[in-house]
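Worksheet: the structure to be examined is printed underneath.
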Amino acid sequence: MIPYAVVSDSHNHNWNAFSTVLPNGVNDRLQMILDETERAADELLAIGGKRMVHAGDLFHVRGQLAPSVLNPTLDCYRRILAKGVEVVINAGNHDLEGREADRVSSAITALEGIGCEIVNEPLVDSTANMVIVPWIANVA
């Protein structure tokens with residue numbers, strides 16, 4: 001079986017507790033999260049894998065996404081994709097504007113345009129041999 005990576009709950013955000021803004025304008029806590037995400041991709045490649053699944057809550061504040069969070073996140077995932085990693089991002093409750101995962105109200109949809117595979121409805125991922133289920137408010 002080909003190895004894959006799973007990351008989750010990175011909660012990318014402009015943190016104000018225990019943080020500062022770097023000279024490039026990026027929040028230093030956000031930068032640490034992005035650096036570790038990219039390091040996970042590098043470690044995956046080093047062991048011969050190429051598929052990275054983010055299991056949900058890429059972003060932190062439900063229904064709000066600041067450009068100063070979105071743009072560095074896009075830059076990070078562009079670099080990861082350019083290295084040859086396939087990125088799948090699942091909708092978590094913090095990634096949504098409302099109570100249900102759907103394309104139009106999911107903040108992670110912004111990463112579709114750079115080449116990430118976005119999961120706003122259940123997906124059978126045969127590459128990683130897993131089922132990916134986005135946030136569902138009511139399982140009834």
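- One hydrophobic cluster, built from ILVMFWY side chains closer than 4.5 Å, holds both Leu45 and Tyr77.
- Salt bridge present: Lys83 and Glu38 bring a charged side-chain N and a carboxylate O closer than 4.0 Å.
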(request) Could you check Trp15 against His60 for ring-ring contact (aromatic ring centres under 6.0 Å, His included), going step by step and ending with a plain yes or no? (result) CA-CA 10 Å; Trp15 299 97; His60 183 62; 4.5 Å; yes
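- Looking at heavy atoms from C-beta onward, Ile89 lies out of side-chain contact with Val119 at the 4.5 angstrom threshold.
- Counting heavy-atom neighbours within 6.0 Å of Arg78 CZ, excluding the residue itself, gives a total above 12.
- With a 6.0 Å radius and a threshold of 12 heavy atoms from other residues, nucleotides or ligands, Ile2 has its CD1 atom at or below the threshold.
- Enclosure of atom CD in Glu121 is not indicated, since only 12 or fewer non-hydrogen atoms of other residues, nucleotides or ligands lie within 6.0 angstrom.
- Val7 places none of its side-chain heavy atoms less than 4.5 Å from the side chain of Val53.
- Considering only heavy atoms from C-beta on, Asn120 stays 4.5 Å or farther from Pro134 through its side chain.
- We find that Asp95 and Arg62 are not joined by a salt bridge, their nearest charged nitrogen and carboxylate oxygen being 4.0 Å or further apart.
- Atom CG of Leu65 sits about 9.0 Å away from atom CG of Asn71, to the nearest 0.5 Å.
- Counting heavy atoms from C-beta on, the side chains of Asp57 and Ser8 never come closer than 4.5 Å.
- Across all their heavy atoms, Glu100 and Ser105 have their closest contact at O-OG, 3.9 Å.
- Residues satisfying the salt bridge (charged side-chain N to carboxylate O under 4.0 Å, His left out) criterion with Asp9, sequence neighbours excluded, are absent altogether.
- Using a 4.5 Å cut-off between side-chain heavy atoms of Ile, Leu, Val, Met, Phe, Trp and Tyr, with links allowed through other members, Ile47 and Val87 fall into different hydrophobic clusters.
- Taken to the nearest 0.5 Å, the OG atom of Ser68 stands 8.0 Å off from the CG atom of Leu30.
- Judged purely by atom type and a 3.5 angstrom limit, Ser106 has no side-chain atom pairing as donor or acceptor with the backbone of Arg103.
- Contact between Val26 and Pro72 at its shortest, heavy atoms only, is CG2-CG, 3.9 Å.
- Taking the side chain as every heavy atom from C-beta outward, Thr109 and Val104 never approach each other to under 4.5 Å.
- The 12-atom threshold is exceeded at CG of Asn24, counting heavy atoms of other residues, nucleotides or ligands nearer than 6.0 Å.
- The CG atom of Leu34 sits 10.0 Å away from the CG atom of Leu74 when rounded to the nearest 0.5 Å.
- Between Asp125 and Asn129, the closest side-chain pair of non-hydrogen atoms is not below 4.5 Å.
- Counting heavy atoms from C-beta outward, Leu58 and Leu111 have side chains that approach closer than 4.5 Å.
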(request) Determine, step by step, whether Thr37 and Ile80 satisfy the side chain to side chain contact (heavy atoms under 4.5 Å, CB included) criterion, reporting the C-alpha distance in whole Å, the side-chain angles of both residues, the deciding distance to 0.1 Å, and the verdict. (result) CA-CA 9 Å; Thr37 302; Ile80 290 170; 3.9 Å; yes
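- No side-chain donor from either of Asn27 and Gln31 sits under 3.5 Å from a side-chain acceptor of the other.
- Among all heavy-atom pairs drawn from Tyr4 and Ala128, the shortest one is CE2-O, 3.3 Å.
- Side chain of Arg29 to main chain of Ala17: a donor-acceptor pair is present (N/O by atom type, distance under 3.5 Å, no hydrogens or angles).
- Smallest separation of non-hydrogen atoms from Phe59 and His94: O-CB, 3.3 Å.
- For Asn90 (side chain) and Ile132 (main-chain N/O), no donor-acceptor pair under 3.5 Å exists by modelled atom type.
- Put simply, the side chain of Leu96 reaches to within 4.5 Å of the side chain of Trp135, judged on heavy atoms.
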(request) Test Val88 against Glu117 for side chain to side chain contact (heavy atoms under 4.5 Å, CB included), laying out the working first. (result) CA-CA 5 Å; Val88 179; Glu117 183 177 351; 3.7 Å; yes
(request) Step by step, work out the side chain to side chain contact (heavy atoms under 4.5 Å, CB included) result for Asp28 and Val21. (result) CA-CA 6 Å; Asp28 68 339; Val21 176; over 6 Å; no
